[in-house]
Amino acid sequence: MKKSFKSVFMAVLAVALCASMVGCGNKKSKDIDNMTEKDAEKSMENFDKKYGENDDSSKAKKEKIDPFENLSVTFVGTSPNSSVEISGGNDSVTYSPDIKSGMKNGDVVTITAETDYSNISLKENKKQYTVDGLSAYAMKLEEIPDDMKEKMQKQANDAIKASTASWHQGVSLKQLDFVGYYFLTSKDGFNQTPYNQLYCVYKGTANVTGLKRDGDGKTQETGEETFYTYYTYSDIMLLNDNKCSVDLSSGQMASNTFESDYGYYNLIPVFYTYDGYKDLDSMFSNCVTQMIGSYNYESTVK
């Protein structure tokens, strides 16, 4: 009977291995040239039984490991601009978090472990980690502690009063009253700069002496004018030790100006100016309404 190439090839391999190993029937191998296809198949059967892929002993040799032993999971950044970092663990294992970014303290992240190695089995393939240790941008006005609000108001009050020292000699500050806050925070899906912004809003009253707008151009008149202004702080953060962090020295005055109804002549009429707005509607439109496409806001201004 003519032997197939496959049979001869496999027979050579089987006989060669059986000749060097105990347990292949303990019989002397036949000469390859005289081996029939049936003899070759028999040799392969004996080889498969002892060393083949179907041998259950291969399963018993799998190494069972704890994939989360020595795994380090840390959370970095400032919430919600935060992310997870994974290091350590086992080089034969791939680790995948179900949340990769945007987590905050108290969130639970599940890490899934997988391996492509057939000789390794995992004791468990999922483990949960609770997010902690992150700093966070303040997202609500109530999250900012009252003592920090008082510090910000004091700095704002002092800065605004100091700025009035450069007013023209015909204008002086009579009164400055705090009237509330505008608080803007970046909307979900946006990463605005600054991430949050707190406006300390004030109503000012000024004593004014000068030539009145639409007056006779000669008579000095005295009166009072009101204006609205603000002092703003950005990127207010809540640290992981429950403290609030604000750079009080980086606060900024209102950049907008408007003209008084009083002034003086210097070859041409010159009107005094105020840093701020003539009315609250104008301030709200400029500071809040123009920003609501990418910011949420709260207002306590009445």
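For an aromatic pair to be called close, the ring centres must be under 6.0 Å apart, and Tyr297 with Phe284 satisfies this. Separation of the Tyr228 and Tyr202 ring centroids does not fall under the 6.0 Å cut-off.
Atom OH of Tyr233 sits about 12.5 Å away from atom CD of Gln197, to the nearest 0.5 Å. How far CD1 of Ile111 is from CG of Asn125: 12.5 Å, rounded to the nearest 0.5 Å. A distance of 9.5 Å separates CE of Met291 from OG of Ser186, quoted to the nearest 0.5 Å. The structure places CD1 of Ile120 at 5.0 Å from CD1 of Ile65, a figure rounded to the nearest 0.5 Å. Rounding to the nearest 0.5 Å places OH of Tyr129 at 13.5 Å from CE of Met103. In this structure, CG on Asn81 lies 12.0 Å from OG on Ser135, to the nearest 0.5 angstrom.
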Chi angles and distances behind the side chain to side chain donor-acceptor pair (under 3.5 Å) call for Thr222, Thr209
CA-CA 4 Å; Thr222 297; Thr209 299; 3.1 Å; yes
Decide yes or no on side chain to side chain contact (heavy atoms under 4.5 Å, CB included) for Tyr199 and Leu184, but give the supporting numbers first.
CA-CA 8 Å; Tyr199 292 82; Leu184 278 65; 4.1 Å; yes
Tell me, with the steps shown, if Tyr272 and Glu259 meet side chain to side chain contact (heavy atoms under 4.5 Å, CB included).
CA-CA 6 Å; Tyr272 308 136; Glu259 287 186 345; over 6 Å; no
Evaluate Thr164 against Ser166 for side chain to side chain contact (heavy atoms under 4.5 Å, CB included), listing each step before the verdict.
CA-CA 5 Å; Thr164 66; Ser166 61; over 6 Å; no
Going through the checks in order, is the side chain to side chain donor-acceptor pair (under 3.5 Å) test met by Tyr274 and Glu225?
CA-CA 10 Å; Tyr274 298 101; Glu225 289 186 312; 2.6 Å; yes
Take Ser294 and Lys187 through the side chain to side chain donor-acceptor pair (under 3.5 Å) test and state the conclusion after the steps.
CA-CA 6 Å; Ser294 52; Lys187 287 185 174 181; over 6 Å; no
Please test Asp275 against Asn256 for side chain to side chain contact (heavy atoms under 4.5 Å, CB included), starting from the C-alpha separation and ending with a verdict.
CA-CA 6 Å; Asp275 293 324; Asn256 189 69; over 6 Å; no
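A continuous path of ILVMFWY side-chain contacts below 4.5 Å connects Ile292 to Tyr295, so both sit in one hydrophobic cluster. By the rule that hydrophobic residues join a cluster once side-chain heavy atoms approach within less than 4.5 Å of another member, Leu173 and Phe178 end up as members of one cluster. When hydrophobic clusters are built by joining Ile, Leu, Val, Met, Phe, Trp and Tyr residues whose side-chain heavy atoms come closer than 4.5 Å, directly or via intermediates, Val108 is not grouped with Ile86. If you chain together hydrophobic residues whose side chains sit under 4.5 Å apart, Leu176 and Val208 fall into the same group. Side-chain heavy atoms closer than 4.5 Å link hydrophobic residues (I, L, V, M, F, W, Y) into clusters, and following such links, possibly through other members, connects Phe183 to Met148.
Checking each of Asp247, Asn196, Leu141 against Ile236 for a side chain to side chain contact (heavy atoms under 4.5 Å, CB included) leaves exactly one that passes, namely Asn196.
Contact of the Val109 side chain with the Val131 side chain is registered, since non-hydrogen atoms from C-beta on lie closer than 4.5 Å. No side-chain heavy atom of Phe271 sits under 4.5 Å from any side-chain heavy atom of Tyr264. Side chains of Lys127 and Thr110 form no contact here, defined as non-hydrogen atoms less than 4.5 Å apart.
A donor-acceptor distance shorter than 3.5 angstrom exists from the side chain of Glu143 to the backbone of Met139, with no hydrogens or angles considered. No donor-acceptor distance shorter than 3.5 angstrom exists from the side chain of Asp158 to the backbone of Gln155, with no hydrogens or angles considered. The backbone N or O of Leu134 sits nowhere less than 3.5 Å from a side-chain atom of Asn240 that would complete a donor-acceptor pair. A donor-acceptor distance shorter than 3.5 angstrom exists from the side chain of Thr300 to the backbone of Tyr181, with no hydrogens or angles considered. In this structure a side-chain-to-backbone donor-acceptor pair under 3.5 Å is present from Tyr95 to Pro67. The closest donor-acceptor contact from the side chain of Asn266 to the backbone of Ile268 lies at 3.5 Å or more, if one exists at all. At distances below 3.5 Å, not a single donor-acceptor pair connects side-chain atoms of Asn207 with backbone N or O atoms of Glu224. Although no hydrogens or angles enter the test, the distance criterion places no donor-acceptor pair under 3.5 Å between the side chain of Ser282 and the main chain of Tyr277. Remark: side-chain polar atoms of Tyr137 are not paired, donor with acceptor, to backbone N or O of Thr78 under 3.5 angstrom. Between the side chain of Ser260 and the main chain of Thr273, no donor-acceptor pair closer than 3.5 Å is present.
For the residue pair Thr185 and Ala138, the shortest heavy atom distance occurs at CG2-O, 3.7 Å. Closest approach of Val171 to Ala206, counting heavy atoms only: CG1-CB, 4.1 Å. The shortest non-hydrogen separation linking Cys244 to Pro145 is CB-CD, 3.6 Å. Taking all atoms of both residues into account, the shortest heavy-atom contact from Thr226 to Phe258 is O-CZ, 4.3 Å. Nearest heavy-atom pair, Val84 versus Pro97, reported as atom, atom and distance to 0.1 Å: CG1-CG, 3.9 Å. Closest approach of Thr219 to Leu211, counting heavy atoms only: O-CD2, 3.4 Å.
Residue Lys203 places its NZ atom among 12 or fewer non-hydrogen atoms of other residues, nucleotides or ligands, all under 6.0 Å distant. Heavy-atom neighbours of Asp188 CG from other residues, nucleotides or ligands within 6.0 Å: at or below the threshold of 12. In the displayed structure, Asp116 atom CG is contacted under 6.0 Å by at most 12 heavy atoms of other residues, nucleotides or ligands. Other residues, nucleotides and ligands contribute over 12 non-hydrogen atoms within 6.0 Å of the CD atom of Glu124. Within 6.0 Å of the OH atom in Tyr117, the count of heavy atoms belonging to other residues, nucleotides or ligands does not exceed 12. Counting non-hydrogen atoms of neighbouring residues, nucleotides and ligands closer than 6.0 angstrom, the CG atom of Asp241 exceeds 12 such neighbours.
The aromatic rings of Trp167 and Phe227 lie perpendicular to each other, with more than 60° between the two planes, well past the 30° mark.
In the model, Lys174 has no side-chain atom that pairs as donor or acceptor with a side-chain atom of Thr205 under 3.5 Å.
Annotation: cation-pi pair Arg213/Tyr262 absent, no NZ/CZ under 6.0 Å from the ring centroid and within 45° of its normal.
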